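FYI, side chains are in, hydrogens and waters are out, and symmetry mates aren't considered; it's all heavy atoms of this structure. Since this is a predicted model, take the numbers as computed values, not measurements. Note on naming: letters A, B, ... go to the chains in the order of the sequence lines (proteins, then strands), and numbering restarts at 1 for each one.
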There are 2 protein chains.
Amino acid sequence: MAGGPLNKVKTLSKSQQAYHWIKERIAQQEFTPGYRLVLATIAGELDMSVVPVREAVRQLEAEGLITFERNVGARVSMVDDSQYRTTMQVISVVESAATALSARELTEADLRQARAVNEIMASRLERFDPRAFSALNQEFHHILYCRCPNARLLEIVESEWTRLGHLRDSIFAFVPDRARESVREHEEILGLIERAAPLNEIEEAVRRHRKGTLSAFIEHEHPDEAAGFPAL
Amino acid sequence: MAGGPLNKVKTLSKSQQAYHWIKERIAQQEFTPGYRLVLATIAGELDMSVVPVREAVRQLEAEGLITFERNVGARVSMVDDSQYRTTMQVISVVESAATALSARELTEADLRQARAVNEIMASRLERFDPRAFSALNQEFHHILYCRCPNARLLEIVESEWTRLGHLRDSIFAFVPDRARESVREHEEILGLIERAAPLNEIEEAVRRHRKGTLSAFIEHEHPDEAAGFPAL
DNA sequence: CCTCACGGGAACGTATATGATTTTTCAGTA
DNA sequence: TACTGAAAAATCATATACGTTCCCGTGAGG
């Protein structure tokens, strides 16, 4: 037949279909934290048997999106305050390292794009929409760290972000006051990268930036514990 | 009944049995990197069906110990030079952070124990056994970071070490010359912790220490590329 | 006559379905 | 509150379908 060498249509295995289906639902918040995942139901919905679904669930468990209890079942992971804090701390460590390692690889275009995003953020300081602002923030940082040549480090950064689930999209809903300061710090980070500052300075700047947001969050939610949380 | 709350004997599920069985074999190097894992064979060996084995394999895949190819099968992950380097870089980032966060939590006993381990290492500098030395090195660092209150960070450190597989036990087989310097740097790190130095100094010291070992390794194995590897 | 490329098919192993078994949960009752 | 039984759901075994790999035989070219 005429087809050429592209006969391989690459049908996803059923486990992978289930995996993506569930992940999508979680991302869209159709399955909210605490939601009980019943294998048979999902299997029915996807027109397959429970075996592949089970496998998908185990994969998602390994990623931390789902918690699983023997003979009981799976539910979408809860992210409580304490988890939020530990995860954000991990992110502040690995993302700052990734950004520093990425700095020398960034192109002119990357920097332009990052600056553009930050300018949009600045322009939205009035008429503030926390969710949109968080999304832009996410995008800004992603541009800066995604050229990091250490693939494993990148994987960890991304996986920690997905671990946070929908909270990642609403950081500034908790601490709107940080927004202005955040934009300014972004500018500072861009400056350091552009003038090819030492990598450790870039790393420290990003870490300070994240730490600032986290501290603001902690002080806002738990003014009493603020001092008790260990930081770097 | 008299028993108390420990009636639960907690029989492991078959998947978990398989999981631990395989992991153990890999750790003992009975399954060496590249080894082909045949589900049915393992299932037979463990007197169970392939389904739980399959699940165990997928879990190990998520941890990075096993690589899996659709419709082909599973094999124990290879760790090549490049992976070694990226993983060690990740470790240098996360372990140093974990150690710093752990520093204030360490007890007198912890420090005594760490110092004892380092003294044993020092005493073995003559009659040098790389594997034993690597194991002691591992133990030393584990004592220092294991009190880190950020559980997630600890998980990442540990998982990166297991990712390295048997290479983690033989670092000093590649670069024996680093041994003496290593012991000295351990002493320095202990000093910083004991005199309650700022956390960032502790973190930097650990990172320098790891970076030193990694550089020594790179220079030894690939004298040409030494300059090309990005570092912090 | 030897070599090597191609193609068919058996052997091996994975992917998924179905059904039996076990565990947990929950409602109803003493 | 404690106990019992039934329903729901997970776990695993067995069976079958499907995809890959490897080997071997055939035929063309050197």
| field | Atom-to-atom span, CZ of A:R36 to C1' of D:dA9 - whole angstrom | value | 7 Å
| task | Give the rounded distance in Å between these two atoms: CG of B:N71 and P of D:dC18. | result | 12 Å
| Between B:R58 and B:E61, is there a salt bridge with N-O shorter than 4.0 Å? | yes
| task | For the pair B:R75 (side chain) and B:G34 (backbone), establish whether a donor and an acceptor sit closer than 3.5 Å, ignoring hydrogens and angles. | result | yes
| query | In whole angstroms, how far is the P atom of D:dA9 from the CD atom of A:E69? | reply | 15 Å
| remark: So salt bridge (charged side-chain N to carboxylate O under 4.0 Å, His left out) across residues 131-149 of chain A, not counting sequence neighbours, yields A:D110-A:R147
| task | Could you tell me how the ring of A:H142 sits relative to the ring of A:Y145: parallel (under 30°), tilted (30 to 60°) or perpendicular (over 60°)? | result | perpendicular
| field | Separation of atom CG in B:L12 from atom P in C:dT23, rounded to whole Å | value | 14 Å
| field | Heavy atoms of other groups near B:D80 CG, more than 12 under 6.0 Å | value | yes
| Taking atom C1' of C:dT16 as reference, at what distance in whole Å does atom CD of A:Q16 sit? | 14 Å
| said: Base, sugar-phosphate or nothing for B:V51? Non-hydrogen atoms, less than 4.0 Å. | reply: base
| Roughly, in whole Å, what's the span from CZ in A:R70 to P in C:dT25? | 13 Å
| query | Rounding to a whole Å, what distance do you find between A:L37:CG and D:dA9:C1'? | reply | 13 Å
| note | From CZ of B:R75 across to P of C:dT14 the rounded distance in Å is 11 Å
| remark: DNA chain C nearest-nucleotide lookup for A:V72 and A:E55: closer to the 5′ end is A:E55
| field | Residue pair B:E45 / B:W21, side-chain heavy-atom distance below 4.5 Å | value | yes
| request: Just compare D:dA13, C:dT24, C:dA17 and give me whichever is closest to any side-chain atom of B:K14. | output: D:dA13
| task | Identify, residue by residue, the members of residues 38-49 of chain B with a heavy atom below 4.0 Å from DNA chain D, and return them in order of residue number, or none. | result | B:M48, B:S49
| task | Determine, for B:E221 against B:R85, whether the closest basic-nitrogen to carboxylate-oxygen distance falls under 4.0 angstrom. | result | no
